[in-house]
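Contents: one structure, followed by commentary.
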Amino acid sequence: MQINRKNIRLILVLFLVALGVYHLVFSNFGFLNKRKLEKEKKELLNEIKNELNIRDSLENRIKMLETDSLEIEKVAREKYGLVKEGEEIYAITKKKAK
């Protein structure tokens with residue numbers, strides 16, 4: 001089999017096409033990397049959304065603790081065990097099993 005100019009050109013064109021396809025699919029600017037980056041972007045946007053929701057709920061909690069006397073009283077009773085003047089406290093203890 002004799003290799004002539006036509007065959008060499010065909011081999012060269014096929015090589016260049018294969019190289020171009022490889023670049024479009026596997027390079028840093030290729031299709032696979034683009035899909036990976038889009039997935040990562042979507043995950044990061046979801047994480048940002050979750051963090052913003054947490055921040056908003058914490059800001060609301062701070063606002064309630066600064067302004068709502070019932071919320072302040074609730075925290076004082078639950079966290080610090082405080083009682084109002086004149087209230088009676090009953091301690092319930094469990095019997096120890098013998």
Study note, to complete from the structure: NZ (Lys41) and CD1 (Ile48) are apart, to the nearest 0.5 Å, by 10.5 Å

Check your understanding: Is any side-chain heavy atom of Arg9 closer than 4.5 Å to a side-chain heavy atom of Leu12?
Key -> no

Output side-chain donor-acceptor pairs under 3.5 Å for residues 58-75, partner residues at least two apart or in another chain, one line each.
residue : atom : partner : partner atom : Å
Asn60   : ND2  : Asp56   : O            : 3.4
Arg61   : NH1  : Glu71   : OE2          : 2.1
Thr67   : OG1  : Lys63   : O            : 2.7
Asp68   : OD1  : Leu70   : N            : 3.2
Glu73   : OE2  : Arg77   : NE           : 3.0
Glu73   : OE2  : Arg77   : NH2          : 3.2

Point to revise | Of Leu16, Ile11, Leu10, the residue whose pairing with Leu14 passes side-chain contact (heavy atoms from CB on, under 4.5 Å) | key: Leu10

Exercise for review: Consider only side-chain heavy atoms of I, L, V, M, F, W and Y, link residues closer than 4.5 Å, and tell whether Val17 and Tyr22 are in one cluster.
Suggested key: yes

Review point. Is the backbone N or O of Lys84 less than 3.5 Å from a side-chain atom of Glu87, with the two atoms forming a donor-acceptor pair by type?
Key: yes

Practice item. To the nearest 0.5 angstrom, please state how far the CD atom of Glu38 sits from the CZ atom of Arg35. Key: 8.5 Å

Practice item. Answer yes if Val21 and Phe31 sit in the same cluster of Ile, Leu, Val, Met, Phe, Trp and Tyr residues linked by side chain heavy atoms under 4.5 Å apart, and no otherwise. Key: yes

Review point. If you measure from CD1 on Ile89 to CG on Leu82, what distance do you get to the nearest 0.5 Å?
Key: 9.5 Å

Exercise for review: Hey, could you give me the CD/CD1 distance between Glu51 and Ile54, rounded to the nearest 0.5 Å?
Suggested key: 4.5 Å

Revision key, fill the gap. Distance col, row Leu32:CG vs Leu37:CG, nearest 0.5 angstrom, shows 11.0 Å

Study note, to complete from the structure: Here the gap from Glu47 atom CD to Leu52 atom CG, rounded to the nearest 0.5 Å, amounts to 11.0 Å

